[in-house]
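Working notes for the structure below.
So you know, we letter chains A, B, ... as the sequences are listed, proteins then strands, and number each from 1.
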2 protein chains.
Amino acid sequence: MTFAQFSRAAALSRREIYRAIYAEHGPSIKVKKEKTALKNLELIFEATLKISNRKGFRAMTMRDLSQETGLSLGVLYHYFASKDELLDMVQRTGRSIAGRILREAAARENEPAARLRAVIQTHLFLSEAMQPWFYFSYMEVRHLGDPEKDRTKAAELWSEKLLADIISEGQAAGVFAPVDVSLLSAAIKAMLQDWYVKRGKYAKRGYTVDQYANFMVGLVERFCLVGSKQAAPRQGS
Amino acid sequence: MTFAQFSRAAALSRREIYRAIYAEHGPSIKVKKEKTALKNLELIFEATLKISNRKGFRAMTMRDLSQETGLSLGVLYHYFASKDELLDMVQRTGRSIAGRILREAAARENEPAARLRAVIQTHLFLSEAMQPWFYFSYMEVRHLGDPEKDRTKAAELWSEKLLADIISEGQAAGVFAPVDVSLLSAAIKAMLQDWYVKRGKYAKRGYTVDQYANFMVGLVERFCLVGSKQAAPRQGS
DNA sequence: AGGAAAATAGAACGTTTGTTCACTTTTTGT
DNA sequence: ACAAAAAGTGAACAAACGTTCTATTTTCCT
């Protein structure tokens, strides 16, 4: 699978995302007309990610947000009750989308090696398509209230366990070598996260997400695939 | 090398660290007697790392810092001119210590495979000994002013280039396979960072830094060492 | 076109923040 | 023991913040 194929397959249109937010947070949002609500929700979320990912959510002021969106302070508070609630909304939305797509990808394959490859690729493609969201979620966990913080950490552990289960299954089937499952899945997660946390670095060096995915899959398979081809791994692409 | 050996070898005594800070920031610090200066500097730095690493430097107030250190607001400002300068001081100190130790470790070995192993181990052991510092530096880059931010990023790229150069050298000597140098050194960095960013996760699972170091070295060597032993990698330790 | 409903604007308010400074307490040198 | 120097205190201040609210503009429906 390539990133281009993934983009076509995954239903990730912006319109739908904001429609889902509007539907879910209906009671909290004091705007009646869907058309203006969607337009402003997109403005607000986009600006929040842009400003926060530059200087941090805590350092972003409501006046920053007002200026960037072109909306007045009063209007902003028609979409959330407080700045903290805005933080929760961004967090929740990203998590629910990411969870859905990852679950679908893991269910599509059966054979352990293929499943492992699919989850790695899908995670990378997803974080590529939603980079600001992933970066935000990663950097702002500390500023969440306890309930939302717990949910975020649980989601991260869930995706790591998804990897661990696949590896364990492969070991039981004899296709993966008996490496330390917990450490290997943690290492895979670390590399997955690096793609969206250090996105700028990879862009500057001219790497595409497809190249990174190929490299990661090669690295992981060469480490734990039993009887992996001993030919030297290829460069980049 | 083990972490215990590293701890004994590296000169990392707290007294010396704060003496260096006091010596370097002499003109900015309005306290004449070295003894009280060192005592309070340690209180301030320790408290800054503790509070900031829980809720972020920006969210830490001077009153938080005053309460945690037991020093009054007025006294705090005898050690730095502003909150931003405190941020810079913490950042600079950690960077200079880390840079010195890494440089020494890289110079000690000659053969590429041994050097690579030494740099990985030293980086891990160092971040283990100074975990709060590393975590702080990683999470608060965004809140630095431009000059200090540039220096921090440069230091990170320097350590990545240190890895890349060792790998390139090993490839030229024929001991490393022709893998993508830039991607491999980036992946190594990602795993090194995961150790101190997710320190709590690994602690909860009962892993020591020595186990993590062995795993990482095994993973990397199995990926790029030409003619690496095909025996299945051992579990954990 | 005109009036009701929805959306928008931004001045104003109370809090919290970083920072200062006149003052008190402690330590030092003789 | 005592003055001078150093260290420490916390009330006070201005700026900046999140949030509210009334007044105004725009949109919608008939």
Not counting sequence neighbours, which residues clear side-chain hydrogen bond (donor to acceptor under 3.5 Å, both in side chains) with A/Ser52? List them please.
none
Residues passing the side-chain contact (heavy atoms from CB on, under 4.5 Å) test with A/Arg142, sequence neighbours excluded, are B/Tyr135, B/Met139, B/Glu140
Could you tell me the separation between the CG atom of B/Leu65 and the C1' atom of C/dT16, rounded to a whole number of Å?
17 Å
Residues that A/Lys149 engages under side-chain hydrogen bond (donor to acceptor under 3.5 Å, both in side chains), provided they are two or more places apart
none
Chain A reaches DNA chain D, atoms under 4.0 Å from its heavy atoms, from D/dC17 to D/dC28
Below 3.5 Å between N/O atoms, which protein atoms pair up with nucleotides 28-30 of chain C? Just atom names and distances, please.
residue, atom, partner, partner atom, Å
C/dT28, OP1, B/Lys33, NZ, 2.9

side-chain contact (heavy atoms from CB on, under 4.5 Å) partners for B/His25, two or more places apart
B/Ile21, B/Ile29, B/Met89, B/Arg92
Using a 3.5 Å cut-off and no angle test, enumerate the donor-acceptor pairs between side-chain atoms of residues 5-12 of chain B and protein atoms at least two apart in sequence or in another chain.
residue, atom, partner, partner atom, Å
B/Gln5, OE1, B/Thr2, N, 2.8
B/Ser7, OG, B/Phe3, O, 3.0

Which residue lies more 5' along DNA chain C, comparing A/Thr36 with B/Ala59 via nearest heavy atoms
A/Thr36
Compute whether any side-chain donor of one residue and acceptor of the other, for A/Thr152 and A/Arg95, lie under 3.5 angstrom apart.
yes
Length of the CG-C1' vector between A/Leu71 and C/dA9, whole Å
11 Å
Taking only residues two or more places apart in sequence, or in another chain, which ones meet B/Trp133 in a ring-ring contact (aromatic ring centres under 6.0 Å, His included)?
none
With sequence neighbours excluded, residues passing side-chain contact (heavy atoms from CB on, under 4.5 Å) with A/Glu16
A/Ser13
Salt bridge (charged side-chain N to carboxylate O under 4.0 Å, His left out) partners for B/Lys198, two or more places apart
A/Glu156, B/Asp194
Please table the atom pairs, donor to acceptor, closer than 3.5 Å between any side-chain atom in residues 33-40 of chain B and protein atoms at least two apart or in another chain.
residue, atom, partner, partner atom, Å
B/Thr36, OG1, B/Lys33, O, 3.1
B/Asn40, ND2, B/Tyr79, OH, 2.9

Rounded distance in Å - NZ (A/Lys39) to P (C/dA6):
17 Å
Provide a list of protein-nucleic acid N or O atom pairs under 3.5 angstrom, restricted to nucleotides 19-23 of chain C.
residue, atom, partner, partner atom, Å
C/dT19, OP2, B/Tyr77, OH, 2.7
C/dT19, OP2, B/Lys83, N, 2.8
C/dT19, O5', B/Tyr77, OH, 3.4

